[in-house]
Structures are given as structure tokens and as C-alpha cells.
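In what follows, chains are A, B, ... by sequence order, proteins preceding strands, each numbered from 1.
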Amino acid sequence: MEKEKKIKPSKELPSGFEDRQEKELLIRDFVISNIKEVMIKYGFQYLETPSFEYTESIGKFLPDKDRPGEGVFSFKDENKWLSLRYDLTAPLARYVAKNFNEIPKPFKRYQLGTVWRNEKPGPGRYREFLQFDADYVGTKNLQADAELCILISEILEKCGLGKADYIVKISSRKFTDKLFEQLKIKSKDQISIILRALDKIDRLGWSEAQKLLGEGRKDKSGDYTKGANLKNEQIKIIENALKSDVPDSEDVLEIIKIFEAYNFKNYKFDPSVIRGLEYYTGPIFEVNLNFDVKNLKGQTIQFGSIGGGGRYDNLVSNFGNLDCPATGISIGLDRLVFALMQKKDFKIKSTRPVVICVFDQNKTKQYIDILNKLRSTNISSEIYPGEGKLKKQMEYANKIESPCAIFYGEDEIKKAEVKLRNLKTGEELSVKVENLIDEIKKII
RNA sequence: GCACGGGUAGCUCAGUUGGUUAGAGCAGCGGUUUGUGGAACCGAAGGUCGACAGUUCGAAUCUGUCCCCGUGUACCA
């Protein structure tokens, strides 16, 4: 007889997926409620679209291969490829195209939702995360772009960040377009290599990014990345353009004017903001945090941006609805929450129940009477839900950080009293049952 | 994808040049206390040493392949 192999299911999570606990979720809820308040104030509509879309509707992937390109989670349903959305902008474009005649123009909507990316996770980068997205569809008015930056900063400040804690960086695709014209660079491949190199200045520094503009760069691990093969003169021109404080881009100048009218000052023109995305056509923005963020091991990490966006005047027209300019911004909520959790002055109390200890299984009725008194006044409470001795019950109450344990045993029942034990101080007091609510409110 | 580092108890890790029955701390369980948590002490339990193959009298330890995790780098619509 062969020994049967025990099959142990894995207790590990798929790479890039995380369990999220109450501490984090409560801060996330707080952030979300701030977002909703601000969005209502700015006049945006709330929208939800499904997690899955037809692959062809949200990406540039052609279903001519066995599987759609990497980067999205996909499966074949009947004969059609479906994918989990990788952002909220592509589904919005699809929604607008589908409901083009019904929606108001301009159309302002905001959305909160989980998005998925099938790529290698890194520190602070997951394969499943919550995004917030606000967009203006059907307007070329740059006031829309300006308001997006302003509303993001209002959300951040509502969440407890100060002006020194964050900055909104803006630039424009038009700025780089002009630059390429000046440099007489027309090759799309070369342009995208250059844009990617510029995007890395933040992380690698100019001297390393410069190598990517030239021949190429070898990183610490020995991996080699080919560069854009620019001549030294061309690199010099780029370097000088990046240093300019005065944006050589009309749209950016216009937005800055609007910022001034709104008295919004927490922005900075930064030509190295690229966002790597192909679909941006005009102004682009990025939101960066200015305080140190530490990882779980306590090391300070380069946190990068928590969000960004820009103008994408062609996205909707891909679906055949012509002339539908749009601009939008999104925030990675989990990243923001992670950063907020590290601000010392940031605390949200979680509510833990009062625990009614069980002395005698036959007295359940009496315990429930007490429980009902508490719950009818909305006091978080429970009868000890396990089975075990008092010691075990106290250990449980301690572990869940209950503020108070209630003893209602034989002695107390006889005297129509309950004994309250304050679990923070260890103090105990006996009170008449009819005074229970008043007394317990003093403890919790 | 490429490079480097890891995988030993529920968790964090130790394990000498290959050598009997693989260790510790914490958590959990039982007890000291059958009505009192956060402290202490005592006890028992807990392992296919990531998987498979190879070398060897003998492998957690050496070799190969694969899987998974982490970090850097690339890609990211």
C-alpha cells in the first residue's frame, strides 16, 4: 500500500496580493470619506464600472496571440478575451463612448475601485490596489486641468497633510514635443526611449539618466539598458531645457495663471514629469510626498509619486466618437494610506467591544439581557464568544483590546449588580444593573 | 525578462569542515490560580529542513533541475 501524500494547501498569498487589516482599512475609509466630500463639493458624479472589460476595450492588446499581452490578468470567456481593468481611465473612455449621446458634455465623474496589474511587484507596489480617479470629459478648457490639481491637494490636506508634505508637479507633453522639434528627433522609438530616461531622473539622478540618453547604462546588478544614442550637444540642450524655470509651453503657463486666480501655490513646474504613458497629449501632473516613508524593516525608502494624470484628448476617439477631449487624475489610495499611517500625529481609534464574561452556560438569558441593554444604546459589545474559563476569557478581552470586561456571575445576579473591570487601568467597580449604561460610558 | 540573496516548528531565526533522536525565542496548549488579562514559573506538544533527482556508508549541510519569496534593474497600455 502506498502512503497517501498529504496535500497541504498553501497558506501563502499570490505574489503582489496582500491581506489588509483594520488599522489600514480605517484610515482608508477616512481617506475615502474625505474624497467623497471634496468631489461632491466640486460637482463630480459618482460612477462605478465593472472589474472586467473586454480586453480589446481597455488596452492596445490585439487578440491575435494566444494570450493578451502581459500586464493584465485575462481569461478567455467563450471566444472573447476578458481582462481585469488595470486603471479607471480606460473603462471611463469606454463608458463615455458607449453612452456618448446621453451624458452631459462636459462630463465630470469620479470613481473609486480596485485595479489589477499583472507585473512584478516591488516595495509598495502590489498587483491589486485601490485607485481614485477624477476626470473631465468633453472639454478643452484648461481650467479643468487646473481644478484637478487643486482638488487633489484639497483632498490631501483634508487627510491631514500640510503644505510642506506634498507638491503637485506639472509639465506638458507639448514641452517635450517642442524640445524634440528643436533637436530634430522624429523617430518614435527614440522619443520613447528619451521620455523614459527623463522619467527616471527622479530616481536615478541626472548623471545616470544622462547615460540612458547617450549610449546606455549598466545597473548595480550588471543589467545593461540601451540608451537613445543622442549626441553630446543634444544631451546638453535637454539638460538646459530641464533647468528652465519658465515653462516654454503655453498650456502650462495658462494653468499657472488659473492657479494664481484660485490662490493655489503648492505646485511646481517640472519638465522631468513624464508619466511614461503614451496617451497623454497635453498637460501632465504628478503628486509627490515630501516626507520620509519607511518600509516594514524601518528603512527609509524612495516613495515616488502617489498619483498623477494629465490630458488625453484621443482616448475616447479611439472608440469612434470624434472630438472628445478629456483630462483626469488618479491617486493610488493604498500608497497614500501607507504613507499616512507613518505620520506620527495620525491616529484613528478602532472600536472594540465590551466583553461580557460567561460564568455559567445556563445563565445565557441573563447575559443576553445585559447585552441587549448595551447594544440598544449602540455600545459595541459581545458575550464571550468562545468556550473556556474566566482566565481565558480575560486573555481574549485583552488581546482584542476591549476597554472593559463585565462580570455578571451568581453573586452579582443575586444583588442585581454587575462588576465592571476597566481593562486599561485594572480598576473594578460594582454598579446596579440600572446604572450600567451610565457607568460603562465613563469607561469606554 | 535579467542579476543577486533567501526558503529549517504557527511566527522570527540558529544549525560549526557532511556524522546518532534537527535546536532556541515568541505564539499556541495544559498547569501553578476550578471568579480575573497585560508579569513570572513549570510541563507537554509541535518538523517530508521548499520539491525532485544525484554524489555518499551517511545529506538541512555538497551537485543539478524546478518551484516559491525578497531586493535591484527592465517593462508598465
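With a cut-off of 3.5 Å on both Watson-Crick or G-U wobble distances, the partner of B/G30 is given as B/C42. Partner assigned to B/G18 is none, using Watson-Crick or G-U wobble distances below 3.5 angstrom.
Between the P atom of B/U34 and the NZ atom of A/K389 lies a distance of 7 Å, rounded to the nearest Å.
The six-membered or imidazole ring of A/F269 lies near that of A/F175, with a centre-to-centre distance under 6.0 Å. Between A/Y367 and A/F359, the ring centre distance reaches or exceeds 6.0 Å.
Annotation: of the two residues near RNA chain B, A/R117 and A/P14, the 5′-most nearest-nucleotide partner is A/P14. Mapped onto RNA chain B by nearest heavy atom, A/G16 and A/E119 fall at different nucleotides, with A/G16 at the one closer to the 5' end.
Looking at A/D77 and A/F52, their side chains never come closer than 4.5 Å, going by heavy atoms from C-beta outward. Residues A/R28 and A/L130 are in side-chain contact: their nearest non-hydrogen atoms beyond the backbone lie under 4.5 Å apart.
Minimum atom distance to the side chain of A/F407 is reached by B/G35, of the listed B/G35, B/C76, B/U73. Nearest nucleotide to the side chain of A/K399, out of B/G38, B/A27, B/C76: B/A27. In the set B/G35, B/G37, B/G30, the nucleotide with an atom closest to the side chain of A/E412 is B/G35. When distances are taken from the side chain of A/R217 to each of B/A74, B/C76, B/U36, the shortest belongs to B/A74. Closest to the A/R196 side chain, of the nucleotides B/C75, B/C29, B/G37, is B/C75.
The base of B/U36 lies close enough to the side chain of A/K419 for a donor and an acceptor atom to sit less than 3.5 Å apart. Side-chain atoms of A/K120 come within donor-acceptor range of the base of B/U73, with a qualifying N/O pair under 3.5 Å. Contact annotation: side chain of A/E428 to base of B/G35, donor-acceptor pair absent below 3.5 Å.
Separating the P atom of B/U12 from that of B/A40 is a span of 22 Å, rounded to the nearest Å. Atom P of B/C57 sits at a distance of 28 Å from the matching atom of B/G15, rounded to the whole Å. Nucleotides B/G28 and B/G43, compared at atom C1', are 14 Å apart to the nearest Å.
Contact between the side-chain N/O atoms of A/R125 and the OP1/OP2 oxygens of B/G70 is not found at any separation under 4.0 Å.
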